[in-house]
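Please read the structure below before turning to the comments.
Hydrogens, waters and symmetry mates play no part in the numbers below; they use all other heavy atoms, side chains included. This one's a predicted model, so the numbers in the text were calculated from it and none came from an experiment. Chain letters run A, B, ... following the sequence lines, proteins first and then strands; every chain starts at 1.
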Number of protein chains: 2
Amino acid sequence: MKSNPAIDDIDKRILKELQVDALLSHAELAERVGSSPASCWRRVKALEHAGILGPAVRLLDAGKIDLGVNVLCNVRMRSHARASIEEFEDFVARRAEIMDCYSMSGDWDYLLRIVAVDVADYEHFLMRILLGHPSVATASSHFALSQTKYSTRLPV
Amino acid sequence: MKSNPAIDDIDKRILKELQVDALLSHAELAERVGSSPASCWRRVKALEHAGILGPAVRLLDAGKIDLGVNVLCNVRMRSHARASIEEFEDFVARRAEIMDCYSMSGDWDYLLRIVAVDVADYEHFLMRILLGHPSVATASSHFALSQTKYSTRLPV
DNA sequence: CATGAAAGCCATGGTAA
DNA sequence: TTACCATGGCTTTCATG
C-alpha cells in the first residue's frame with residue numbers, strides 16, 4: 001500500500017494550506033492553490049471522506065495555562081497478554097494528561113508524553129496513577145527542559 | 001506566576017470546545033458553553049490576544065499520506081556552546097520531518113520525533129542529515145511500532 | 001468526467017441599543 | 001446581554017473543455 005488514490009499537486013497544496021490555517025475560506029483557499037472555490041470544495045470533501053483530512057482543532061499555549069511541564073516517560077509492562085495491553089491502552093486514552101503514547105521497539109514497551117503543572121503534580125500522577133496501574137511494571141521519567149519545537153504540520 | 005488574569009469557567013469551556021472543533025460558529029459555541037454569541041466572540045478575541053488561544057490547524061492522518069513511521073531519537077551534542085545550540089535549534093525548526101523536539105534533562109540533550117515514509121527514508125535522514133550536522137555528536141533511534149495516542153487537547 | 005463560472009440562499013460576524 | 005442588519009461564504013446548478 002503505497003500512494004493513495006489520486007492525490008495530485010493541488011490536493012497537496014490544499015493539505016499544506018489547511019494544516020497551517022483551518023479557518024481559510026474556500027475562496028481564499030482556491031486563490032492560494034490556484035483553483036476555483038467549487039473545485040476546492042469538492043476536493044476538500046473528498047479528502048475528508050478518504051480520512052486524509054482530519055479534524056480542525058485549535059492549539060493552546062500550554063505554558064499560558066500552567067501546563068508548562070512536559071515529561072517523557074518510558075513504561076515497561078508487567079505482561080504482554082492481550083488483556084493487559086488493552087487495559088493499559090484504554091487507560092492511556094482516558095487520561096487527559098497523557099498527550100501522546102507510542103508503542104516502542106527496544107527496551108521499553110511504551111513512550112508517553114505527559115503534561116503537568118509542576119514537578120509535584122507529575123509526581124502525583126506517576127506514583128498514584130501510572131505506577132498504580134496493574135499492567136505497569138516500571139517506568140522511567142525524563143523531564144523536558146523546554147519544548148524546542150512542536151509541530152502538527154506533516155510534510156506532504 | 002500561577003494562574004492567568006481572569007480565566008473563568010466559561011473561558012475554560014470555550015478552550016475545551018475549540019480544542020476539539022475549531023470550526024464551531026460563535027452561535028454554537030455560545031450554546032455549548034452557556035453564553036451569548038457576542039460575549040463568546042469577545043472572550044475568544046481576548047484569549048487570542050493573550051496568546052492562550054493559538055492557531056486553528058487541520059490535522060492529517062499520517063498513515064494515509066505515507067508517513068507511517070515515527071522515530072524517537074535521542075541526540076547528544078558535541079558542545080554546549082551557545083552558538084552550537086542555536087545552530088542546532090534553527091536546523092530543527094527548518095526540517096519538516098522533525099515534528100517535535102524537547103531539550104532534555106538527563107543523559108541526552110534532545111529528544112526528537114521524526115516522521116518518515118519507511119525505514120530507508122529514516123536511515124537517509126539519520127545518516128545524511130542529522131548525523132551530518134556539525135553540532136551533533138551522537139544519536140540513538142527508537143522506532144515506534146504504533147502511535148497509540150496522539151492528542152492536541154490539553155486538559156484545561 | 002472534472003473543471004470553472006454564476007447565483008441564491010443562508011448563516012455569520014459585528015454593531016448598536 | 002439581546003436584537004438587528006449587512007456582509008460574505010457555502011452550496012448547487014449549468015455550461016464548457
Any idea which of dT12(C), dG14(C), dT2(D) is nearest the W41(B) side chain? dG14(C)
Nearest-Å distance for atom pair CG/P, residues L23(B) and dC10(D): 9 Å
Does a side-chain N or O of H26(B) approach OP1 or OP2 of dG13(C) to a distance below 4.0 Å, or not? yes
Any N74(A) side-chain heavy atom under 4.5 Å of M104(A) side chain: no
In whole Å, I'd like the distance from the CG atom of L24(A) to the P atom of dG8(D). 17 Å
Any side-chain N or O of R43(A) less than 4.0 Å from the OP1 or OP2 oxygen of dT3(C)? yes
Using a heavy-atom cut-off of under 4.0 Å over every strand shown, decide if S39(B) touches base, sugar-phosphate, or nothing. sugar-phosphate
Would you say the side chain of V57(B) lies within less than 4.5 Å of the side chain of R153(A), judging by non-hydrogen atoms? no
Considering only dG4(C), dT2(D), dT12(C), which nucleotide approaches the side chain of S25(B) most closely? dT12(C)
Could you tell me if Y110(B) and T148(A) have a donor-acceptor pair between their side chains, going purely by distance under 3.5 Å? no
d(CZ, R42(A); C1', dC1(C)) in whole Å: 11 Å
Other residues, nucleotides, ligands: >12 heavy atoms within 6.0 Å of H80(B) NE2: yes
What nucleotide among dA5(C), dT3(C), dT2(D) has an atom nearest to a side-chain atom of A38(A)? dA5(C)
d(CD, E31(B); P, dA11(C)) in whole Å: 14 Å
Length of the CD-C1' vector between E48(B) and dG13(C), whole Å: 13 Å
What is the distance from CD of E28(B) to P of dA11(C), rounded to the nearest Å? 11 Å
